[in-house]
Colleague: 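This is the structure I have questions about; it appears just below.
A, B, ... follow the sequence lines: proteins, then strands. Residue 1 opens every chain.
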There are 2 protein chains.
Amino acid sequence: MSHTVGIRQAQKQKTRQALLDAALRLLEDQSLSSVGLREVTRAVGVAPTAFYRHFTGMADLGVALVEEALGSLHATIGEALTEPADEARIDRTVALVAELVRTSPAHVRFVAREQHGGVAAVRAAIGEQLGRFADEVAAVFAAEPESAGWSRDDLDMLAGMYVDHMVMTASALLEAGPEDEERVSALARRRLRLVSLGRRHWLD
Amino acid sequence: MSHTVGIRQAQKQKTRQALLDAALRLLEDQSLSSVGLREVTRAVGVAPTAFYRHFTGMADLGVALVEEALGSLHATIGEALTEPADEARIDRTVALVAELVRTSPAHVRFVAREQHGGVAAVRAAIGEQLGRFADEVAAVFAAEPESAGWSRDDLDMLAGMYVDHMVMTASALLEAGPEDEERVSALARRRLRLVSLGRRHWLD
DNA sequence: TGTACATCAGTGAACGCGCGTTCACTGATGTAC
DNA sequence: TGTACATCAGTGAACGCGCGTTCACTGATGTAC
């Protein structure tokens, strides 16, 4: 075998991930600004000082969590939007959000909570990711024949509504709990249908 | 003069209000769960123990702030919705939100931040107030001829969209700052126009 | 393959500090007569 | 109006505790020869 790619580096990654995981768990019922660095290291079982080998402080860890929560989502969302028919696209979009909430409730809660939370760097990181989603959605819409005659500004407006509704739906699903998932999803679909109707008549 | 209605009681109210005001100022760049009781009393200039004469803890103070921020708003919103024409109603609604953000930015920021924040009692209090807003908006819509044939559920859906968009607009206005107020307001109006269009064609 | 030195993730003691809460208190305001 | 007692908003000392950060360290992993 050639060059083991670093036992040391692998172990460091493992500790870093353990810190992120422990923080995420603590963030389920606290906000970032009230979770302490010592709390996190205690949960992992390392000395408080080890924290500094990975992050400059809790804000830094928060930014890393934003990347973990949203970074890999761009591909998935782009995929859901390839659906050509309006109804089917709405169904897939809402289903995707519901699945995300089911699979990674803690990540979703973290993003919902810190989107307007007390840590500026984290707010900025979330805003940047959501802005990228909106751009991607706008690009998909722009390529469609239904968007003929639409201004760039109006397309951005529409895309923004889609993204904002996805975030609100995610947050509503979290609050509602699994037993009410279908009810909340149905409501989210009707909302998107209303927006879709508005889109169809925008240029009347 | 007959019975001075209590010097003592008046002074107590004054201290209580001072605690609320000081907390609100501290909350401009922190979240509720990270503002300390001692921080608040220090800002007011009373002993930490005086706090307990007014609130059981910071969560309790937070709930009082929710009432202060949203309690008196029901009348104002109801008024804006009396506007019969769609366009005029949208303009008045957005203008009302913009004015609220201009007049009470700290209250608005507090509500936006704690709506999904780390303190359950405060989240619940905000959710309750927003739910009441949605009910009031739904009642106004229900009374209109355009709502003929609409189910109760669909009316609630529509009202929910209105309220959610007001909250998002308020939050966007805060983030943008005064110089971008007109741009954000214009965007908010277009969004409401899209929803309004969707409403008109909902039963097609 | 073996040896000698460098790197660096994680340690553990120590620091000064502000926190929330308790308690018995003080003295101005309120009330009964 | 005057006096004697009750109430209670705010005080100040004290407590035990966990916090973030510093520092010199250790010992396993990595590297050069």
Colleague: Between B:F51 and B:D60, is there a side-chain heavy-atom distance shorter than 4.5 Å?
Modeller: no
Colleague: So, does A:T82 use its side chain to make a donor-acceptor pair with the main chain of A:G78 at under 3.5 Å?
Modeller: no
Colleague: Using Watson-Crick or G-U wobble geometry with both distances below 3.5 Å, tell me the partner of D:dT1, or none.
Modeller: none
Colleague: Ignoring hydrogens and geometry, is there a side-chain-to-backbone donor-acceptor pair from B:R113 to A:H116 under 3.5 Å?
Modeller: yes
Colleague: By nearest nucleotide on DNA chain C, pick out whichever of B:R8 and B:G36 is the more 5' one.
Modeller: B:G36
Colleague: Kindly say whether, by distance alone, the side chain of B:R38 makes a donor-acceptor pair under 3.5 Å with the base of C:dG18?
Modeller: no
Colleague: Please report the distance, rounded to the nearest Å, between CG in B:L19 and P in D:dG10.
Modeller: 8 Å
Colleague: Taking atom C1' of C:dT7 as reference, at what distance in whole Å does atom CZ of A:R53 sit?
Modeller: 11 Å
Colleague: With both distances under 3.5 angstrom, what nucleotide forms a Watson-Crick or G-U wobble pair with D:dT11?
Modeller: C:dA24
Colleague: Does D:dC23 have OP1 or OP2 under 4.0 Å away from a side-chain N or O of A:T49?
Modeller: no
Colleague: For B:I7 and C:dG27, give me the distance from atom CD1 to atom C1', rounded to whole Å.
Modeller: 14 Å
Colleague: Is any NZ, NE, NH1 or NH2 atom of the basic residue among B:E28 and B:R109 found under 4.0 Å from an Asp or Glu carboxylate oxygen of the other?
Modeller: yes
Colleague: Taking CE from A:M58 and C1' from D:dT21, how many angstroms apart are they, rounded to a whole number?
Modeller: 15 Å
Colleague: Give a yes or no on whether the backbone of B:A80 and the side-chain of B:R89 come within a donor-acceptor separation of less than 3.5 Å.
Modeller: no
Colleague: So which nucleotide does D:dA6 pair with, by the Watson-Crick or G-U wobble rule with both distances under 3.5 Å?
Modeller: C:dT29
Colleague: So which nucleotide does D:dG16 pair with, by the Watson-Crick or G-U wobble rule with both distances under 3.5 Å?
Modeller: C:dC19
Colleague: May I have the distance from B:Y52 (atom OH) to C:dA24 (atom P), rounded to whole angstrom?
Modeller: 16 Å
Colleague: C:dG18, OP1 or OP2 - any side-chain N/O from B:R42 closer than 4.0 Å?
Modeller: no
Colleague: Would you say B:T15 reaches D:dG10's phosphate, i.e. side-chain N/O to OP1/OP2 under 4.0 Å?
Modeller: yes
Colleague: Can you check the A:Q11 CD to D:dG30 P distance for me, whole Å?
Modeller: 11 Å
Colleague: Distance check needed: C:dC8 P versus A:Q9 CD, whole Å only.
Modeller: 11 Å
Colleague: In whole angstroms, how far is the C1' atom of D:dG10 from the CD atom of B:Q17?
Modeller: 18 Å
